[in-house]
Amino acid sequence: MTLKRIESIKEFGGYLNRYTHDSETCHCEMTFSVYLPPQAETNNVPALYWLSGLTCNDDNARIKAGAQRYAAEHGIAIIFPDTSPRGEDVADEAERYDLGKGAGFYVNATQAPWAKHYQMYDYVTKELPPLLENNFPLLPGIKSISGHSMGGHGALICALKNPQSYSSVSAFSPICNPMNGDWGKGCLSAYLGDDTNNWNAYDATALIEAGAKVLDILIDQGTADEFYDEQQLLPENLQAACKKAQQPLTLRMQDGYDHSYHFIASFIGEHIAYHAKALKNKS
């Protein structure tokens with residue numbers, strides 16, 4: 001598979017590079033960014049996958065989160081995938097920000113017109129890791145995952161469905177129980193159909209209720225988050241499921257913080273340190 005580098009920027013002794021490639025999973029050209037820390041010049045390094053939220057692409061987190069400084073300190077590569085397939089022939093709902101382009105929800109769609117391209121779960125968990133490990137100085141199979149909002153939902157389900165594949169998982173303001181929020185209901189019904197039994201596989205709370213487990217989960221949620229107030233995120237539902245299942249969870253309610261990258265930038269260093277510890281234990 002051919003990678004085309006379209007940008008390279010030196011940061012904190014390493015390089016933030018951006019690439020396009022023809023995705024066999026999403027059947028379109030996809031874009032992703034990779035931050036390689038200075039340690040990657042002489043050694044293979046572990047990777048942290050960052051999944052972004054609604055309306056975002058690979059560019060948002062890499063310029064707003066401030067993660068590269070901490071990744072350089074800990075010797076971790078950061079992978080920034082896009083949030084959906086792109087292209088003129090890719091299905092979209094242009095009048096909606098929460099469905100279609102920029103809103104892939106990290107599921108494998110089964111319904112028309114979405115199924116051809118919207119295979120973001122397989123893209124993140126199956127296509128990207130071998131592509132990256134074959135082309136960059138990454139330690140094979142040594143990776144963690146994190147994300148924000150819709151991407152936090154994606155990080156949680158990817159880890160819960162593949163507990164042996166990720167050393168750790170964390171999230172900022174994740175959509176914890178999409179089956180019971182308006183965003184989730186609208187997208188899951190469009191992508192997966194009206195049978196709610198098919199939604200369980202892409203709902204972190206439902207997965208834990210069904211027995212899925214990981215070693216630990218770290219979540220930061222701002223108390224001034226407008227989408228938390230609107231009952232779109234539902235962290236308490238996840239917390240209750242974790243408590244019942246004895247799934248370790250650290251849910252930190254951060255007073256006064258909103259849903260923005262200002263919130264993420266305030267705590268991203270702690271999250272990267274959390275992942276660095278887990279990745280070091282697996283290296």
Which of parallel (below 30°), tilted (30 to 60°) and perpendicular (above 60°) describes [X] and [Y]?
X	Y	result
H21	Y123	parallel
Y257	F263	tilted
Y121	Y202	perpendicular

Counting N and O atoms only, with roles assigned by atom type, does the side chain of [X] sit under 3.5 Å from a partner on the main chain of [Y], one being a donor and the other an acceptor?
X	Y	answer
Q119	A115	yes
S170	I219	no
E29	T20	no
T55	Y97	no
Q232	D182	yes
H153	A204	no
W50	D58	no
E127	T25	yes
N108	D122	yes
D98	W183	no

Can you confirm whether [X] sits close enough to [Y] that some side-chain heavy atom of one is under 4.5 Å from a side-chain heavy atom of the other?
X	Y	value
M120	P85	yes
E270	L218	no
V45	L138	yes
L188	M179	yes
R86	N57	yes
V34	L132	yes
H117	D89	yes

Does a donor on one side chain sit under 3.5 Å from an acceptor on the other, for Y118 and Q111?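 No, no side-chain donor-acceptor contact under 3.5 Å.
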Kindly state whether the ring of F12 and the ring of Y35 have centres lying under 6.0 angstrom apart.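 Not close enough - the centres of the two rings lie 6.0 Å or further apart.
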For the rings on H148 and Y261, is their centre-to-centre separation under 6.0 Å?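 That pair passes the under 6.0 Å test.
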cation_pi(K143, Y166) dist<6.0 Å, angle<=45: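 Yes, K143 lies over the aromatic ring of Y166.
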Can you confirm whether more than 12 heavy atoms, excluding those of [X], are under 6.0 Å from its [atom1] atom?
X	atom1	value
K213	NZ	yes
D195	CG	yes
I6	CD1	yes

With rounding to the nearest 0.5 Å, note down the distance linking CD1 in I145 to OG in S167.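 The OG atom of S167 is 11.5 Å from CD1 of I145, to the nearest 0.5 Å.
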At what distance, to the nearest 0.5 angstrom, does CG of L128 lie from CE of M30?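 Going from CG on L128 over to CE on M30, the span is 7.5 Å.
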Do L234 and L249 share a hydrophobic cluster (ILVMFWY, side-chain heavy atoms under 4.5 Å, transitive)?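 In one cluster with L234: L249, no.
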Transitively linked via ILVMFWY side-chain contacts under 4.5 Å: I175 with F227?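 Both belong to a single hydrophobic cluster.
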Looking at R62 and E11, is there a salt bridge between them, counting it only when a charged N and a carboxylate O are closer than 4.0 Å?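 No.
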